[in-house]
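Working notes, structure below.
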Amino acid sequence: MARLDRPDCVENGEGAGAYNEDGIPVVDFDVLINGDSDQRLAAILHLGRACTQWGFFMVINHGIPESLQGATMDACRELFSLPTEEKSEYMEAGPMDPVRVGTGFNSTVDGAKYWREYLKMFAHPELHCPAKPAILREIATEYATRTRGLMLELTTAISKSLGLDGSRIAEALNLENCFQILVGNYYPPADPDVGAIGMPTHSDHGLLTLLFQNGVDGLQVKHDSEWLLAKPIPGSFFVIVGDQLEIVSNGRYKAVLHHALVDGEQARMSFVSLIGPCLDAVVMPIPELARDAPQGAEFRGIRYRDYMEHQQSNKLKENAALDIVRDRQVSKNSSPINV
C-alpha cells in the first residue's frame, strides 16, 4: 500500500505520538518497525499509552494492500449472496466448529433486535473455509497470513512496551501455534424505529483484533465512560485489545468494550482478523508483571480453549467472561481454572 503521511492525524505534544481528530491513537507501523532507534522507542511508548488509556488504536503504513482488503470484502459479500441451501451445512454449526455462518435478523435479546449476518472461519493453525465461493480460500489464506504477521509484530512491540523482552508474550502464549479466526459481518440497513443493533456491547475473547469496514461507520468504543464512533483513516486498521492481553498484562492493558450500530440507509460490512494464544496454552499474568504489581496477580490461569468456549457459548454481556478468572485474592499457588 502507498505510505500515508498521516493527513488526518495531529501530534499531541513532543514525542507523544499521533492521534486522529477524535483523539484515537494512531500507530505508524513503518516507524515502529523500520524507524531509527529513537523513533522506534517513541513509537513503542505511544503504543503502550494507547493500550493503557484506550485499549484501541489505528495502525497505518502496515504494508497490507488495500486491494487485498477489497478482495476479502468482495469474497465475503459473494458468500452472503449465495442461496441458503449452499450455506446450510455451516448454519447449524456450534461455537467451536471451524466454519460457521449465522444470522441475527429479527432475533431479540433483552429487548434489542440483532441485525447481522456473519461468517466465521478458523484460520490458524489450519485454515477452514466454505467451498463456495471458490475464490474465498485463496484470498482468506493470503489475508490470514498477512494479518497474522502484522499482529505478531504488534505483540512484540506491546511486550516491549510492558518492559519485557519482545518475545516474552509470544513465548508465554505459544503464539507460534496461535489461534486465529476470520470473521465477516454484514449489517443491512434498518429503519431506526426497528430498534436494531449490529452487535451488543462486548470485549473480544482473543489477544488482538484487526478490523476494517466498507466505508460505512458503525463501530463504537467506550472511552472514559463515553461512547465514541470510530472513524478510520482510509487504508488503516482498527486494532482492538482483547481479554487475553488484559490477563497476560495483569490488567495493565484493558480489553476495550465496543459494539456495532446499524445504519438507517446503507449496508455496513466489516471484516475481522483475531489472534489468540495457542488453544491449549494456559493464560495467566506474566509472573514478572504480577510480582511488580502492588496487588499481585489479578487473574487466575485458564486454558484459552476453555475461556473461548465459555465466552462464545454464553450471551455476550460486556466483559463478563473475565469474571471467571478475575480474582483479587489470587495466590501464587492458585491452580488454573477448568470451565
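What you see is a predicted model; the values in this text were computed from it and never measured. Start at 1 with the first residue, then count along the sequence.
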**Item:** Reported CD1-to-OG1 distance for the pair I275 and T147, which is rounded to 0.5 angstrom
**Value:** 9.0 Å
**Item:** E85, CD: over 12 other non-hydrogen atoms inside 6.0 angstrom
**Value:** yes
**Prompt:** According to the interplanar angle, ranging from 0 to 90°, do the rings of H46 and Y19 count as parallel (below 30°), tilted (30 to 60°) or perpendicular (above 60°)?
**Reply:** perpendicular
**Prompt:** At their closest point, which heavy atom of M121 faces which heavy atom of P130, and how far apart are they?
**Reply:** SD-CD, 3.7 Å
**Asked** Side chains of H62 and D30: do they bring a donor and an acceptor to under 3.5 Å?
**Response** no
**Asked** Have Q295 and E298 got a donor and an acceptor in their side chains that come within less than 3.5 Å?
**Response** yes
**Asked** Is L261 linked to I240 within one hydrophobic cluster, defined over Ile, Leu, Val, Met, Phe, Trp and Tyr using a side-chain heavy-atom separation of less than 4.5 Å?
**Response** no
Indicate every side-chain donor-acceptor pair of residues 216-233 with a distance under 3.5 Å to a residue at least two apart or in another chain.
from : atom 1 : to   : atom 2 : distance (Å)
D217 : OD1    : Q213 : NE2    : 2.9
Q220 : OE1    : H259 : NE2    : 2.7
H223 : ND1    : Q53  : O      : 3.2

**Message:** I'd like to know if the side chain of R40 and the backbone of G35 have a donor-acceptor N/O pair within less than 3.5 Å.
**Reply:** yes
**Item:** N-O pairing of E288 and R168 below 4.0 Å
**Value:** yes
**Request:** Measure from the side-chain N and O atoms of R146 to the backbone N and O of G63, and report whether any donor-acceptor pair falls under 3.5 Å.
**Result:** yes
**Under 3.5 Å donor-acceptor, S161 side chain and I158 backbone** = yes
**Message:** I'd like to know if the side chain of N214 reaches the main chain of M269, judged simply by a donor and an acceptor atom lying under 3.5 Å from each other, with no hydrogens or angles considered.
**Reply:** yes
**Message:** Whether the side chain of D263 engages the backbone of E265 through a donor-acceptor N/O pair (distance < 3.5 Å, no angle test) should be reported.
**Reply:** yes
**Request:** Give the minimum heavy-atom separation between P277 and Q244, together with the two atoms involved.
**Result:** CD-CG, 3.7 Å
**Separation of I181 CD1 from Q312 CD (nearest 0.5 Å)** = 6.5 Å
**Request:** Determine the minimum heavy-atom distance between A157 and I44, stating which atoms define it.
**Result:** O-CG2, 3.8 Å
**Request:** Evaluate the side-chain proximity of V183 to L119: yes if any heavy-atom separation is below 4.5 Å, no if none is.
**Result:** no
**Request:** Would you confirm whether H202, through its side chain, and L257, through its main-chain N or O, come within 3.5 Å as a donor-acceptor pair?
**Result:** no
**Item:** Among Y143, Y186, F237, the one residue meeting ring-ring contact (aromatic ring centres under 6.0 Å, His included) with F271
**Value:** Y143
**Asked** Do the side chains of C278 and Y304 get nearer than 4.5 Å, heavy atoms only?
**Response** no
**Complete:** In this structure, OG1 of T72 is separated from CD1 of I139 (nearest 0.5 Å) by 6.0 Å
**Item:** From N34 atom CG to F29 atom CZ, the distance as rounded to the nearest 0.5 Å
**Value:** 8.0 Å
**Prompt:** Do any N or O atoms from the side chain of N177 and from the backbone of N174 form a donor-acceptor pair under 3.5 angstrom?
**Reply:** no
**Asked** Got a second to check how far S273's OG is from F212's CZ, nearest 0.5 Å?
**Response** 10.0 Å
**Carboxylate-amine/guanidinium contact R303 D306, below 4.0 Å** = yes
**Prompt:** Is it true that a side-chain atom of H124 and a backbone atom of C178 form a donor plus acceptor pair closer than 3.5 Å?
**Reply:** yes
**Asked** Would you say the side-chain atoms of E117 pair up with the backbone N or O of N185, donor to acceptor, closer than 3.5 Å?
**Response** no
**Asked** Given the rule that I, L, V, M, F, W and Y join up when any side-chain heavy atoms are under 4.5 Å apart, are L211 and V239 in one cluster?
**Response** yes
**Prompt:** Does any non-hydrogen side-chain atom of Q39 lie less than 4.5 Å from one of D36?
**Reply:** yes
**Item:** Shortest non-hydrogen separation from H128 to P98 and the atoms involved
**Value:** CG-CB, 3.4 Å
**Asked** F122 and L127: side-chain contact (heavy atoms from CB on, under 4.5 Å), yes or no, with the steps?
**Response** CA-CA 6 Å; F122 289 8; L127 177 69; over 6 Å; no
**Item:** Test salt bridge (Lys or Arg N to Asp or Glu O under 4.0 Å) applied to D323 and R326, step by step
**Value:** CA-CA 5 Å; D323 291 341; R326 186 181 283 114; 2.6 Å; yes
**Request:** Evaluate whether atom CD of E309 has more than 12 neighbouring non-hydrogen atoms of other residues, nucleotides or ligands under 6.0 angstrom away.
**Result:** no
**Asked** Under the 3.5 angstrom rule, does the side chain of E246 hit a backbone N or O of A255 as a donor-acceptor pair?
**Response** yes
**Request:** Determine whether Y90 and K120 make a side-chain contact, defined as any pair of heavy atoms from C-beta on separated by less than 4.5 Å.
**Result:** no
**Message:** I'd like to know whether V27 forms a side-chain contact (heavy atoms from CB on, under 4.5 Å) with M58, so could you lay out the CA-CA distance, the side-chain angles of the two residues, the decisive distance to 0.1 Å, and finally the verdict.
**Reply:** CA-CA 6 Å; V27 172; M58 278 183 272; over 6 Å; no
**Request:** With the side chain counted from C-beta on, respond yes when M96 and R305 share a heavy-atom pair under 4.5 Å apart, and no when they do not.
**Result:** yes
**Message:** Nearest 0.5 angstrom please: L162 CG to C51 SG, how far?
**Reply:** 8.0 Å
**Message:** In the structure I gave you, are the side-chain heavy atoms of W115 and I197 within less than 4.5 Å of one another anywhere?
**Reply:** no
**Message:** If only side-chain N and O atoms count, and only distance matters, is there a donor-acceptor pair under 3.5 Å linking D243 with Y307?
**Reply:** yes
**Request:** Any chance you could lay out the side-chain contact (heavy atoms from CB on, under 4.5 Å) test for F57 and L47, step after step, and finish with the verdict?
**Result:** CA-CA 8 Å; F57 56 93; L47 176 61; 3.4 Å; yes
**N250 side chain near R252 side chain, heavy-atom distance below 4.5 Å** = no
**Message:** Does R77 form a salt bridge (Lys or Arg N to Asp or Glu O under 4.0 Å) with D74? I'd like the steps, not just the answer.
**Reply:** CA-CA 5 Å; R77 186 181 292 109; D74 288 344; 2.8 Å; yes
**Request:** For residues P133 and A75, report the shortest heavy-atom separation together with the two atoms involved.
**Result:** CG-O, 3.6 Å
**Request:** Please test L274 against D204 for side-chain contact (heavy atoms from CB on, under 4.5 Å), starting from the C-alpha separation and ending with a verdict.
**Result:** CA-CA 9 Å; L274 175 152; D204 289 347; 4.2 Å; yes
**Prompt:** Are any non-hydrogen side-chain atoms of W54 and K254 less than 4.5 angstrom apart?
**Reply:** no
**Request:** Can you establish whether the number of heavy atoms outside K160 located under 6.0 Å from its atom NZ is more than 12?
**Result:** no
**Request:** Check the pair R137 / E142 against salt bridge (Lys or Arg N to Asp or Glu O under 4.0 Å), numbers first and verdict last.
**Result:** CA-CA 9 Å; R137 175 172 290 276; E142 181 180 1; over 6 Å; no
